[in-house]
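Notes for the one structure printed next.
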Amino acid sequence: MVRDRVIELVRAALALGAAQGRWPTAEVAFSVEAPRDPKHGDFALNAAMVLAKPAGQPPRQVAAAIVEAIRAVDAAGEVTSLEIAGPGFINLRLAPDLWYRSLERAVAQGEAYGRTDTGHGKKVIVEYVSANPTGPMHVGHGRNAVTGDGVQRLLRWAGFDVTREYYVNDYGAQVQTLARSVHLRYQEAHGRTVAFPPKAYPGEYVREIADGLKAEFGARWLDAPEGEWLALFRDRAVQHVLGLIRGDLAAIDIQFDRWSSEKALYESGTVERFMADLERKDLVYVGKLPPPKSKKGAPAPPPQPEEEGVTVDDDLTLFRSSAFGDEVDRPVKKSDGTPTYFCADIAYHWEKRQRAELLIDVLGADHGGYVPRLEAALQALGYARTDLHVVLIQMVNLTRGGEAVKMGKRAGNVVWLREVVDEVGRDATRFIFFTRRSDAPLDFDVELLKRQTLDNPVFYVQYGHARLHAIFRKAAEGSVPLPAFSLADARTLTTPEELDLIRRIAAFPDVLAGAALAFEPHRVAFYLQETIGAFHSWYTQGKRTGERVLGSDPARTRARLFLCRALVQVLANGLAVLGVSAPERMESPETGDIGAEA
RNA sequence: GCGCCCGUAGCUCAGCUGGACAGAGCAGCGGCCUUCUAAGCCGCUGGUCGGGGGUUCGAGUCCCUCCGGGCGCGCCA
């Protein structure tokens with residue numbers, strides 16, 4: 001907010017200079033950022049370095065002219081000092097009152113503080129989770145879900161018009177495998193002994209579905225040909241599993257606006273219409289897939305397609321994705337004429353793009369190779385490559401006290417998301433996923449997250465929030481009212497720690513907007529940890545110096561309390577962006593109660 | 001063999017879309033509780049940003065190339 005004001009001033013100054021013929025254009029990409037070293041002022045401006053070349057003058061000379069122009073434009077005297085430093089930075093300091101007023105703004109805007117119009121209401125669909133409905137969610141799905149939810153919340157805070165969407169793969173081979181697994185359990189439920197092939201889904205939930213079908217239909221499908229029961233079993237299984245997934249999502253506070261079904265894409269004719277569109281645009285052709293590139297001795301992948309009747313050399317329908325940046329053309333119809341998964345998926349993106357201007361896909365890193373063909377598809381359809389942004393989610397290494405928990409897809413040793421949430425709680429589960437960039441692998445240590453010590457970042461942050469409320473409670477005990485904003489009071493906040501906190505509070509909307517534009521919710525978590533660290537530091541220093549929040553000087557007491565009000569708002573809102581609760585009190589794990597230690 | 005992601009302190013990681021001397025948390029050492037939560041704070045120790053080139057006024061950040069990890073790689077989803 002304060003920064004926005006600076007940007008306005010700089011824009012005006014650059015326009016003035018351009019009008020005066022000092023440089024050819026005012027349309028340059030300059031940056032205004034808070035320098036790491038507070039000695040360098042409130043903000044550092046790089047415009048002189050950027051303009052040096054177009055202006056044909058050395059940076060420091062341009063800087064001098066920019067300084068002059070800023071002074072000319074700054075009628076109100078909001079900029080109190082301008083210094084040219086280093087290679088041509090302009091360091092500027094602002095009137096302290098501007099900073100103090102940002103506290104007022106934070107409190108006045110309350111739960112809305114941090115919201116911006118960065119997105120200008122742009123319609124965006126965030127697709128995340130989209131786990132195949134073949135079983136409950138595991139921890140990896142959890143990371144995808146939480147990250148996607150963080151991105152989605154961020155975009156809302158930044159003024160985008162967001163639809164949260166889950167793509168249900170309820171059509172292909174995997175759900176058929178699930179249906180067959182259910183049928184095997186169904187046979188077991190009738191007392192038969194069946195061989196359970198390694199491809200089948202072994203989970204306990206499969207048995208539950210089978211039991212349900214037995215209760216409803218008895219032995220009716222026991223010896224019926226597969227064609228008679230497959231669709232029914234599939235649909236029942238998918239419905240059941242989706243129920244499980246909804247429950248898993250609810251446990252980590254995630255909801256969706258829309259569940260898009262792959263099956264429905266076929267049934268509604270969308271895939272057909274899409275294929276027709278592709279043919280009209282000459283984006284598909286019938287041909288053979290080139291053999292995979294593999295050099296001498298390289299382990300050529302064994303011939304995969306074991307689908308009945310499909311041989312490697314048959315003709316099939318290919319999409320001209322290689323004309324749009326993909327390595328090779330990708331099949332959209334198999335040689336038996338049925339559409340591929342890719343076909344339905346680009347049809348889905350095609351359809352989504354018509355509902356929104358920007359598409360976000362949150363995908364597992366193992367789908368990284370899939371991204372180029374999706375981008376190619378969108379481009380082929382006449383959209384910009386940037387209309388789709390893919391957030392890749394790396395692996396989660398589940399550990400317990402530092403020791404890896406083995407998770408095989410086959411054996412029954414999958415650790416479900418729900419088990420982990422039950423053990424460590426919703427807040428810790430969510431927060432830990434924001435402590436790492438999404439494209440870096442993450443260790444999820446169950447023991448650590450349970451421990452409730454400062455190893456566990458979520459407690460550090462929540463503790464800070466609770467501590468602020470403890471101050472408010474203390475104030476209430478002493479009948480000290482929570483103060484309204486007073487500039488005169490605020491001006492008593494002058495220590496480096498206090499000014500640092502004010503700057504952080506003022507930067508909060510910028511942090512959210514920046515994180516939203518980068519689709520990186522982890523930045524919010526890091527911001528919160530740093531800001532709370534700054535608060536703890538200030539707080540503890542006050543204990544040492546005797547200058548505590550509630551002190552003897554009424555004006556300073558009011559000012560500090562107001563600072564705390566702004567701070568608590570930022571923390572609460574930041575936690576809300578991450579979907580983590582902001583408790584007003586926390587009990588000590590050792591004493592079980594506050595202040596019970598002697 | 002090809003493609004994508006990653007390589008920053010002993011460990012785990014940030015680094016704000018290229019900025020000014022590279023940061024934090026753990027771990028190690030040493031300090032701080034009569035008074036609003038010590039689940040906290042302060043200090044010290046710790047780095048050729050994997051190596052080498054290049055672009056730029058300026059590179060951890062962009063390009064090329066090696067090295068070392070992860071993931072993926074013919075009509076599976």
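Naming convention: chains lettered A, B, ... in sequence-line order (proteins, then strands); numbering from 1 in each chain. All values derive from a computational prediction rather than experimental measurement.
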**OP:** Please name all residues satisfying side-chain contact (heavy atoms from CB on, under 4.5 Å) with A:Ala52, sequence neighbours left out, ordered by chain then number.
**Re:** A:Pro59
**OP:** Considering only atom C1', compute the distance from B:G43 to B:G60 and round it to an integer number of Å.
**Re:** 28 Å
Original post:
Roughly how many Å is it from OH in A:Tyr370 to P in B:C4, rounded to a whole number?
Top reply: 19 Å
**OP:** Measure from the side-chain heavy atoms of A:Asn91 and tell me the nearest of B:G19, B:A20, B:G40.
**Re:** B:A20
Original post:
With sequence neighbours left out, what residues match A:His522 under ring-ring contact (aromatic ring centres under 6.0 Å, His included)?
Top reply: A:Phe526
**OP:** Give one of base, sugar-phosphate or nothing for A:Tyr539, where a contact means two heavy atoms less than 4.0 Å apart.
**Re:** base
**OP:** Answer syn or anti for B:U8, where the cut-off is 90° from 0 on the glycosidic torsion.
**Re:** anti
**OP:** Could you say whether A:Pro339 or A:Pro35 is positioned toward the 5' end of RNA chain B, judged by the nucleotide with the nearest heavy atom to each?
**Re:** A:Pro35
Subject >> By side-chain contact (heavy atoms from CB on, under 4.5 Å) - contacts of A:Ser537 (at least two apart) >> reply: none
**OP:** With C1' as the reference atom in both, quote the distance from B:U61 to B:G19 in angstrom, rounded to an integer.
**Re:** 11 Å
Original post:
Can you check whether A:Lys334 has a side-chain N or O nearer than 4.0 Å to OP1 or OP2 of B:A77?
Top reply: yes
Original post:
Using a cut-off of 4.0 Å on non-hydrogen atoms, how would the nucleic acid contact of A:Glu262 be classed: base, sugar-phosphate, or nothing?
Top reply: sugar-phosphate
**OP:** Apply ring-ring contact (aromatic ring centres under 6.0 Å, His included) to A:His536 and list each qualifying residue two or more places apart in sequence or on a separate chain.
**Re:** A:Tyr460, A:Tyr463
Original post:
Reckon A:Ala470 touches a base, only the sugar-phosphate, or nothing at all at heavy-atom distances under 4.0 Å?
Top reply: base
Subject >> Side-chain donor/acceptor of A:Asp345 to base of B:A77, under 3.5 Å >> reply: no
Original post:
Can you tell which of B:G3, B:C41, B:A77 lies closest to the side chain of A:Glu327?
Top reply: B:G3
Subject >> Separation of the P atoms in B:G1 and B:U17, to the nearest angstrom >> reply: 37 Å
Original post:
A:Arg544 has a side chain; which of B:C42, B:G70, B:G19 sits nearest to it?
Top reply: B:C42
Original post:
Are A:Tyr348 and A:Tyr167 close enough, and set up right, to give a ring pair (Phe, Tyr, Trp, His ring centres under 6.0 Å), and what steps lead you there?
Top reply: CA-CA 9 Å; A:Tyr348 173 51; A:Tyr167 183 51; 4.1 Å; yes
**OP:** Would you confirm whether the ring centroid of A:His389 sits within less than 6.0 angstrom of the ring centroid of A:Phe519?
**Re:** yes
Subject >> Separation of atom NZ in A:Lys199 from atom P in B:A77, rounded to whole Å >> reply: 11 Å
Subject >> Given RNA chain B, 5'-ward residue of the pair A:Arg330 and A:Val50, judged by closest heavy atom >> reply: A:Val50
Original post:
Within this structure, what is the OH-to-C1' distance between A:Tyr527 and B:A24, rounded to whole angstrom?
Top reply: 16 Å
Original post:
Over how many whole Å does the gap from A:Ile471 atom CD1 to B:C36 atom P extend?
Top reply: 11 Å
**OP:** State yes or no: are the ring centers of A:Tyr128 and A:Tyr166 separated by less than 6.0 Å?
**Re:** no
**OP:** Give a yes/no on whether any side-chain N or O of A:Ser537 is located under 4.0 angstrom from OP1 or OP2 of B:C42.
**Re:** yes
**OP:** Can you tell me, in whole Å, how much space there is between the C1' of B:C42 and that of B:U55?
**Re:** 44 Å
Protein-nucleotides 8-15 of chain B N/O pairs under 3.5 Å:
{"unit_1": "B:U12", "atom_1": "O2'", "unit_2": "A:Arg436", "atom_2": "NH2", "d": "2.8"}
{"unit_1": "B:C13", "atom_1": "OP1", "unit_2": "A:Pro441", "atom_2": "O", "d": "3.4"}
{"unit_1": "B:C13", "atom_1": "O5'", "unit_2": "A:Arg436", "atom_2": "NE", "d": "3.1"}
{"unit_1": "B:C13", "atom_1": "O5'", "unit_2": "A:Arg436", "atom_2": "NH2", "d": "3.1"}
{"unit_1": "B:A14", "atom_1": "OP1", "unit_2": "A:Arg437", "atom_2": "N", "d": "2.9"}
{"unit_1": "B:G15", "atom_1": "OP1", "unit_2": "A:His522", "atom_2": "NE2", "d": "2.9"}

Subject >> A:Phe89, nearest nucleotide to its side chain (from B:C75, B:G74, B:G19) >> reply: B:G19
Original post:
Base, sugar-phosphate, or nothing: which does A:Pro59 touch, judged by heavy atoms less than 4.0 Å apart?
Top reply: nothing
Original post:
Base, sugar-phosphate, or nothing for A:Leu318, non-hydrogen atoms under 4.0 angstrom?
Top reply: nothing
Subject >> Side-chain donor-acceptor pair present, A:Asp361, A:His349, cut-off under 3.5 Å >> reply: yes
Original post:
Could you state the CD-P distance from A:Gln174 to B:A77, rounded to the nearest angstrom?
Top reply: 8 Å
Subject >> Salt-bridge contact A:Lys263-A:Asp170 (side-chain N to carboxylate O under 4.0 Å) >> reply: no
**OP:** Could you check whether A:Ala475 gets within reach of a base, just the sugar-phosphate, or nothing at all, counting any heavy atom under 4.0 Å?
**Re:** nothing
**OP:** Based on the glycosidic angle (syn within 90° of 0, else anti), state the conformation of B:C33.
**Re:** syn
Original post:
With a non-hydrogen cut-off below 4.0 angstrom, is A:Ala44 in contact with a base, only sugar-phosphate, or nothing?
Top reply: base
**OP:** Could you list the residues that satisfy side-chain contact (heavy atoms from CB on, under 4.5 Å) with A:Glu498, not counting sequence neighbours?
**Re:** A:Leu493, A:Thr495, A:Trp538, A:Arg556, A:Arg560, A:Leu563
**OP:** Identify which nucleotide among B:C36, B:G19, B:A20 has an atom closest to any side-chain atom of A:Val549, counting heavy atoms from C-beta outward.
**Re:** B:C36
Original post:
Between B:C41 and A:Tyr460, is there an OP1 or OP2 to side-chain N/O distance shorter than 4.0 Å?
Top reply: yes
**OP:** Under 3.5 Å for both distances, Watson-Crick or G-U wobble, that's the pair rule; now give the dot-bracket for RNA chain B, with | marking pairs to another strand and [ ] for crossing ones.
**Re:** (((((.(..((((.....[...)))).(((((.......))))).....(((((..]....)))))).)))))....
Original post:
Below 4.0 angstrom, N of the basic side chain to O of the carboxylate: do A:Lys334 and A:Asp336 qualify?
Top reply: no
Original post:
Taking the C1' atom of each, how far is B:C49 from B:G18, in whole Å?
Top reply: 15 Å
Original post:
Hey, does the side-chain of A:Thr340 have a donor or acceptor N/O within less than 3.5 Å of a partner on the base of B:C75?
Top reply: no
**OP:** Apply ring-ring contact (aromatic ring centres under 6.0 Å, His included) to A:Tyr341 and list each qualifying residue two or more places apart in sequence or on a separate chain.
**Re:** none
Subject >> B:U56 and B:C75, which share atom name C1', separated by this distance in whole Å >> reply: 48 Å
Original post:
Taking the same atom, C1', in B:G51 and in B:C57, what whole-Å distance lies between them?
Top reply: 27 Å
**OP:** Quote, to the nearest angstrom, the P distance that separates B:C16 from B:C62.
**Re:** 10 Å
Subject >> A:Asn397 CG - B:G70 P separation (whole Å) >> reply: 11 Å
**OP:** Check every strand shown and say whether A:Asn169 touches a base, only sugar-phosphate, or nothing at a heavy-atom separation below 4.0 Å.
**Re:** sugar-phosphate
Subject >> Closest listed nucleotide, where the reference is the side chain of A:Gln394 and the choices are B:A77, B:C75, B:G70 >> reply: B:G70
Original post:
Between atom CZ in A:Arg373 and atom P in B:G72, what is the gap in whole Å?
Top reply: 14 Å
Subject >> Nucleotide B:A20, atom P - distance to CZ of A:Arg60 in whole Å >> reply: 16 Å
**OP:** Just grab all the salt bridge (charged side-chain N to carboxylate O under 4.0 Å, His left out) pairs involving residues 41-54 of chain A, residues at least two apart or on different chains.
**Re:** A:Asp42-A:Arg503
